[in-house]
Amino acid sequence: MALIVHKYGGTSMGSTERIRSVAQRVAKWVRAGHQLVVVPSAMSGETNRLLGLAKELLPAGAQASSPDALRELDAIAATGEQVSVGLLALALQAQGLQAVSYGGWQVPIRTDSSFTKARITSIEETRVRADLAAGKVVVITGFQGIDEAGNVTTLGRGGSDTSAVAVAAALKADECLIYTDVDGVYTTDPRIVPEARRLTSISFEEMLEMASLGSKVLQIRSVEFAGKYRVPLRVLSSFTPWDIALDEEARSGTLITFEEDEKMEQAVVAGIAFNRDEAKISVIGVPDKPGIAFQILGPVADANIDIDVIIQNMSHSGRTDFSFTVHRNDYVRTMEVLKTQVLPALGAADVQGDPKICKVSIVGIGMRSHVGVASKMFRTLSEEAINIQMITTSEIKTSVVIDEKYMELAVRALHKAFDLDQPVTLGMASAAESDAQAG
Ligand code: ASP
Ligand code: MG
């Protein structure tokens, strides 16, 4: 008997018919002797619908960022998951199981008070444990929690992944299965590269990079959580027939693994991520002296704007250019901060921006032990005549910022150059396959 957490995404919960098939799948696991906690998202489209309604009624001129408004946005958005858990518990009962649903506040799942992007601080497991011991399936809302003052909070879009992993960590579950509308983690987005392959396993560190670089399969915080508490995590499809053999289901999808054995390292590049949500900003003609980066980025950070890639060149004439990227949604605000606060104080010549850029990254733990990976990336892009505007690297990834219009071309060319479209050759395949099976 194992304690298993299942998470079902919005599409998997998209209709009463689908919820019934989720219940059938869960029932299969329970009948095989496992204890189940299930964390569903809101029905697909529901969170958007709720937030759309909220937007219509935001007081005129009010920022959706005022703390009072944000509190209400969370109160509204959290109802999507509230409905899901009740429906799923009913569907489970209809399967002849004992099932009980809880909102985040009932467990409780405690968070800080950062409305719309709260962080989980603790989860009380007593109630859930008692239910499990009594033979019940426990259904817990994704996405939401409760702060110290008793306010309902949400964890940010896609936050149900994080709820599920956090619940699994708190209960020390044997595995957390993330059921979604794709059948695993791919070498890149198959909508851009039809030859993209599903990975049978990926290391936790690679997954962390993929998630932070734009792969939308898992919310990044869920991967961070899984890493911190070493929660065994698997991404798999909820669209296989619910009655496929449990063994087969338990081995399907992509396992996120913590073991970096030698065989896995043979895959130098595991995948290609991309992100078109960024914008580039350059402050031109900055004096080259101590404190400049802080003077430029301090006010940006104070405005609560996240900065991603940063580049500062050497100066020859005592002046230099300073470039960085931010989320595209923050572009206008960042330009404003720079023009009103930074330029006058700095005496920099100008600020220029380009919201039409994208970031393309290659990711792989094999990059640690292989040389020439980044240069192969640059050669590939140069052969396609794609100009690289910025470069940033870490131990296991290389990212480039390029013109947005070349994104698909770059991703396709790199996917091919690193042989990610090839059916895995013997050494790698067997390693990946056996990893998955061992899990
Ligand atoms: N329902 C929430 C959203 O759409 C949370 C989730 O689905 O993970 O973002
Ligand atoms: Mg999701």
Side-chain angles (χ1 to χ4, degrees), residues 1-44 46 79-109 123-144 160-161 163-168 170-181 183 232 234-253:
M1 182 183 77
L3 171 51
I4 311 275
V5 174
H6 282 192
K7 183 262 170 178
Y8 289 91
T11 350
S12 318
M13 295 289 295
S15 64
T16 46
E17 203 37 60
R18 290 202 178 148
I19 293 174
R20 186 173 295 129
S21 103
V22 166
Q24 284 165 316
R25 193 181 295 278
V26 172
K28 175 178 75 182
W29 282 76
V30 174
R31 295 201 174 104
H34 299 301
Q35 290 185 317
L36 264 284
V37 175
V38 189
V39 178
S41 293
M43 296 171 78
S44 60
E46 183 61 9
T79 61
E81 271 70 13
Q82 183 71 62
V83 171
S84 282
V85 289
L87 290 174
L88 182 54
L90 280 183
L92 288 164
Q93 290 167 8
Q95 293 300 313
L97 302 178
Q98 282 185 284
V100 59
S101 77
Y102 293 123
W105 58 277
Q106 288 171 303
V107 174
I109 296 179
I123 295 180
E124 177 58 55
E125 46 172 316
T126 323
R127 193 170 192 175
V128 179
R129 287 233 181 261
D131 288 326
L132 289 171
K136 292 180 190 165
V137 177
V138 184
V139 188
I140 301 175
T141 48
F143 187 47
Q144 54 163 277
S160 297
D161 294 337
S163 306
V165 176
V167 165
L171 294 169
K172 300 186 182 61
D174 295 287
E175 199 169 53
C176 180
L177 303 181
I178 309 275
Y179 288 89
T180 178
D181 50 4
D183 63 354
R234 184 181 291 277
V235 176
L236 68 173
S237 170
S238 67
F239 290 106
T240 55
W242 68 265
D243 55 354
I244 67 165
L246 191 139
D247 292 2
E248 190 187 331
E249 185 170 311
R251 281 198 311 266
S252 67

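If you're wondering where the values come from, they're calculated on a predicted model, not measured in any experiment. Both backbone and side-chain heavy atoms feed into the values below; hydrogens, waters and symmetry mates do not.
No donor-acceptor distance shorter than 3.5 angstrom exists from the side chain of Q24 to the backbone of W242, with no hydrogens or angles considered. Checked by atom type and distance alone, the side chain of R234 never pairs as donor or acceptor with a backbone atom of C176 at under 3.5 Å.
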Practice task
Decide yes or no on side-chain contact (heavy atoms from CB on, under 4.5 Å) for L3 and R129, but give the supporting numbers first.
Solution key: CA-CA 10 Å; L3 171 51; R129 287 233 181 261; 4.0 Å; yes
Exercise for the section: Check step by step if side-chain contact (heavy atoms from CB on, under 4.5 Å) holds for L92 and V26. Expected result: CA-CA 8 Å; L92 288 164; V26 172; 3.7 Å; yes
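Here the shortest heavy-atom pairing between K136 and L132 reads O-CD2, 3.5 Å. The shortest heavy-atom contact between P232 and A173 is CD-O, 4.5 Å. Heavy-atom minimum distance, I178 versus A164: CD1-CB, 4.5 Å. Smallest separation of non-hydrogen atoms from G33 and M1: O-CG, 2.8 Å. Listed here is the closest heavy atom pair of S44 and G14: OG-CA, 4.0 Å. G80 and A42 get closest at one heavy-atom pair: C-CB, 3.6 Å.
The distance from the CG atom of D131 to the CD1 atom of I140 is 9.0 Å, given to the nearest 0.5 Å. Taking OH from Y179 and OG from S252, the interatomic distance works out to 7.0 Å, rounded to the nearest 0.5 Å. Within the model, atoms CG of L36 and CG of L97 stand 8.5 Å from one another, a figure rounded to the nearest 0.5 Å. Here Q98 contributes atom CD and Q93 contributes atom CD; the two are 9.0 Å apart, rounded to the nearest 0.5 Å. To the nearest 0.5 angstrom, T180 atom OG1 is 7.5 Å from D161 atom CG. Here the CD atom belonging to Q82 is positioned 7.0 Å from the CH2 atom belonging to W105, to the nearest 0.5 angstrom.
Between the side chains of S237 and D183, no donor-acceptor pair of N or O atoms lies under 3.5 Å.
Contacts of K28 classified as side-chain contact (heavy atoms from CB on, under 4.5 Å), with partners at least two apart in sequence or in another chain: R25, I244, L246, E249. Evaluation of the salt bridge (charged side-chain N to carboxylate O under 4.0 Å, His left out) rule for R20 yields E17 as partners, not counting sequence neighbours. Judged as a side-chain contact (heavy atoms from CB on, under 4.5 Å), and not counting sequence neighbours, the contacts of S160 are K7, S41, E81, F143. Judged as a ring-ring contact (aromatic ring centres under 6.0 Å, His included), and not counting sequence neighbours, the contacts of W29 are H6, H34. Among residues two or more places apart in sequence or in another chain, the side-chain contact (heavy atoms from CB on, under 4.5 Å) test is passed with L87 by I19, M43, V83. For E248, there are no salt bridge (charged side-chain N to carboxylate O under 4.0 Å, His left out) partners, not counting sequence neighbours.
No side-chain heavy atom of Y102 sits under 4.5 Å from any side-chain heavy atom of T141. Side-chain contact between M13 and R18 is absent, with no heavy-atom pair separated by less than 4.5 Å. Counting heavy atoms from C-beta outward, L88 and V22 have side chains that approach closer than 4.5 Å. You'll find the side chain of V38 stays beyond 4.5 Å of the side chain of V138, heavy atoms only. When side chains are defined from C-beta on, P40 counts as touching V139, because their heavy atoms get closer than 4.5 Å.
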